[in-house]
Amino acid sequence: MTRNASIKKVLAQDYQHGFVTDIESDTFAPGLNEDVIRRLSAIKNEPEFMLEWRLKAYRHWLLLEEPHHWANIKYPNIDYQALAYYSAPKIKKDGPKSLDEVDPELLRTYEKLGIPLYERERLAGVAVDAVFDSVSVATTFKDKLAEKGVIFCPFSEAVHKHPDLIKQYLGSVVPTGDNFFAALNSAVFSDGSFVYIPPGVRCPMELSTYFRINAANTGQFERTLIIADRDSYVSYLEGCTAPMRDENQLHAAVVELIALDNAQIKYSTVQNWYPGDAEGKGGIYNFVTKRGACRGVNSKISWTQVETGSAITWKYPSVILQGDNSIGEFYSVALTNHYQQADTGTKMIHIGKNTSSTIIAKGISAGYGQNTYRGLVKVMAGADNARNYTQCDSLLMSDHCGAHTFPYIEVKNNTAQIEHEATTSRISEDQLFFCLQRGLSMEDAVSMIVNGFCKEVMKELPMEFAVEAQKLLGVSLEGSVG
Amino acid sequence: MIGEKMLTIKNLAATVGDKIILHDLNLTVKAGEVHAIMGPNGSGKSTLGNVLAGREGYTATAGTVEFLDHNLFALSTEERARKGLFLSFQYPIEIPGVTNIYFLRAAVNAVRKSRGDEPYDAMDFIKLIKEKAKFLHMDEGFLYRDVNKGFSGGEKKRNEILQLLLLEPKLAILDEIDSGLDIDALKIISDGINQLRRSDRAIILVTHYQRLLDHVIPDYVHVLSKGKIVKSGGPELAKELEQTGYAGL
């Protein structure tokens, strides 16, 4: 296929997904009101129920306050009327034409992370070729999934093709008015992923946003909905270890997971959005609402996250353990360097009988980074024999950083067994000296010690992802000790 | 080869914090030799090893140290290690979450890389390490446990010797490698050290006690007291000290 033909093909597919206007020039003026939402919905050619849903969310959002008061993060007020809420996907004309035009610092990082050449082009925003690659890969994937009846498509496509599933499940785990950022997302979400695994199907591959056409254009208000029907299994990978740059400073995504009887969902994230520079200028604000519902008996939802990017991370992937014998898991590594701030953790809500949850949270603070674990374990009155094990460990790499732990436990059933362990330690001079004395460089020594600290979480990641994530921790901490 | 200069310390003074621990220390070690440094607690034995290895907080304030052809103090901690200086730890360090075999392969490959040698791949390294572990009567299970975590005192010391055998340094400084060992373990560790004696390598044993020196016979014995070497002699000096103690010095 020639280059021109492949561009045309990509553009044609965008069209197919519901963009009816002249997509090259279409970006809204800043500001948010009901008209903006109507226009947004119209551009996406959405059915009436979607527009109603967005408007309801918007009207609720107006009543909510930004959660400034309780989260352990500081940032300037965001003027929501100064943001533009729609920007059409387009092939970047202004982007670099080849890797020769890309910031050498960025390329050096790609190299350290071991990212293949063709992928570096895509990540650095080099025009055309990379897009062609990902389209062809994605097509192969789609055929294989279709064979099993698995639906994996852009959210905007699912709204048209599977409206019943959307109506039934959208907002059923994170209601439109759940919190300030979730309400905003519900009103103006741009696009995202939709996954449905039919009963009895084990999804034959790891589903990754990387392979979804359009992934680059989901923008700042991403929406993901994953439904695992009874007796099914799916593993979903989100994000990417390479440093991601984005013109939009505010990101407010919502992810909803639903597991029916005996179903399992494993959701893994590596988040490496631009964290700002060494002085704390710039960087993404990442306000995410992620929640899973174990609706069915014996269902299981497992969140694994490695968070190294963003200037601000505000994120609490949670599990509602409704079904009897259901299991919730949260494995997290959050790293803050320079002036990054992370307030992250989880909520485990035990409703069904014999439900169990495990929380392993590892926080690493370097430079002037501030790292907060915030978690809630709640056992409702009917949740007989609920069990939770929580372990929070903090590793400090400098004299100026901070580690904070806010564990909340609410128990209304006296058969519950709740365990909580927490440690805070400084990276040990002895360990570093030992490694150096055996010939390792300071960078390798730090990377090894930190990865050892995070091992319990890293082993939960799918293999290829884990290898990348290990390198990422090392690269993110470069120069932070010594 | 035998007789070539390995380590030449001239008028060394060193501080830890603002405390002077070593002063006017002179020592010459040549390839092929084994030196024992003895002395009472607080005489500066461990400080000497740490200063030579380049540990943070241990500062040389006067004198010179030549290691092979290098000005030792011009080299970073890891460069010293890569050029063949090895320090065993009196209290071996734990690294949770990092398996012994992973750590050792990373260390050995870092040293090989600095010399321009090909790194070991996983299979070759497993073969090599199993052979060395067997020599030290170490169960293979040790290789897959976290570095020193949950090891007994004797197991930790054996693990230090395993590192020594794998890294094959030019100059090994063994700091109280005999402390906390029972007779059998002492024998195994001594066999490990003796296996390393070679014409192009030197060993410095830092110890309180004579008993290690019954198994690893040194060429020279030095007595360190209050930060300087006050007496030097052959292996008979160690036996003499065993009789008279350090008090008479």
Side-chain angles (χ1 to χ4, degrees), chain A residues 306 331-333 335 360-364 391-395 397-399 421 423-461 463 466-467 469-471 473-474 477 479 481-482, chain B residues 49-58 75-100 102-115 117 119 145-149 156 159-160 162-164 166-169 172-173 175:
Chain A
V306 175
Y331 299 97
S332 168
V333 170
L335 183 154
I360 309 280
K362 306 275 181 178
I364 301 153
Q391 186 188 329
C392 295
D393 298 318
S394 303
L395 186 66
M397 313 282 289
S398 78
D399 295 333
E421 290 180 23
T423 65
T424 300
S425 54
R426 195 173 200 283
I427 190 159
S428 131
E429 295 291 340
D430 287 349
Q431 286 175 338
L432 290 172
F433 174 59
F434 175 46
C435 292
L436 296 178
Q437 213 304 304
R438 295 299 182 257
L440 297 173
S441 65
M442 182 59 96
E443 281 170 17
D444 288 346
V446 169
S447 174
M448 187 180 280
I449 293 165
V450 167
N451 274 299
F453 173 76
C454 300
K455 191 185 196 175
E456 291 153 289
V457 174
M458 297 305 224
K459 74 179 169 50
E460 296 297 327
L461 286 173
M463 181 85 115
V467 173
Q470 264 183 24
K471 287 186 196 154
L473 287 184
L477 285 169
V481 172
Chain B
N50 283 323
V51 169
L52 294 178
R55 186 174 199 148
E56 213 178 289
Y58 292 77
L75 302 176
S76 69
T77 307
E78 63 271 32
E79 283 167 341
R80 297 177 199 190
R82 290 171 190 170
K83 293 199 187 304
L85 190 150
F86 179 96
L87 174 68
S88 79
F89 285 65
Q90 196 181 335
Y91 304 104
I93 308 297
E94 299 178 0
I95 310 181
V98 178
T99 58
N100 223 5
Y102 181 84
F103 172 76
L104 290 170
R105 185 156 80 98
V108 169
N109 281 341
V111 171
R112 287 180 72 87
K113 193 177 153 201
S114 74
R115 292 188 197 138
D117 293 337
R145 281 165 59 182
D146 291 356
V147 179
N148 288 324
K149 207 175 165 213
K156 284 180 178 174
N159 204 27
E160 292 289 295
L162 177 63
Q163 292 161 41
L164 180 65
L166 285 166
L167 288 164
E168 302 188 309
I173 304 167
D175 190 2

>> Other residues, nucleotides and ligands only: do more than 12 of their heavy atoms fall within 6.0 Å of NZ on Lys149(B)?
In response: no
> Do side-chain atoms of Gln437(A) reach the backbone of Leu87(B) as a donor and acceptor pair under 3.5 angstrom?
Replying inline: yes
> Between Phe433(A) and Ile93(B), is a side chain to side chain contact (heavy atoms under 4.5 Å, CB included) present by the stated rule, with each step listed?
Replying inline: CA-CA 10 Å; Phe433(A) 174 59; Ile93(B) 308 297; over 6 Å; no
>> Applying the side chain to side chain contact (heavy atoms under 4.5 Å, CB included) criterion to Leu436(A), which one of Glu56(B), Glu78(B), Arg55(B) satisfies it?
In response: Glu78(B)
>> Tell me which of these, Ala81(B), Gly57(B), Ser76(B), has more heavy-atom pairs under 4.5 Å with chain A than the rest.
In response: Ala81(B)
>> Heavy-atom cut-off 4.5 Å, strictly under: side chain, backbone, both or neither for Asn109(B) against chain A?
In response: neither
>> For Phe453(A), which atoms come within 4.5 Å of any heavy atom of chain B: side chain, backbone, both, or neither?
In response: backbone
> Which answer fits Phe103(B), side chain, backbone, both or neither, if we ask what part of it has an atom under 4.5 Å from a heavy atom of chain A?
Replying inline: both
> Does any heavy atom of chain A fall under 4.5 Å from the side chain of Leu85(B), the backbone, both, or neither of them?
Replying inline: both
>> I'd like to know if the side chain of Gln431(A) and the backbone of Glu94(B) have a donor-acceptor N/O pair within less than 3.5 Å.
In response: yes
> How long is the span from the OG1 atom in Thr99(B) to the NZ atom in Lys455(A), to the nearest 0.5 Å?
Replying inline: 5.5 Å
> Got a second to check how far Phe89(B)'s CZ is from Asp430(A)'s CG, nearest 0.5 Å?
Replying inline: 7.5 Å
>> Heavy-atom pairs under 4.5 Å with chain A: which of Arg82(B), Glu79(B), Lys83(B) has the most?
In response: Arg82(B)
>> What verdict does the side chain to side chain contact (heavy atoms under 4.5 Å, CB included) test give for Phe434(A) and Ile95(B), after you've listed the backbone C-alpha separation in whole Å, the side-chain angles of each residue and the deciding distance to 0.1 Å?
In response: CA-CA 10 Å; Phe434(A) 175 46; Ile95(B) 310 181; 3.9 Å; yes
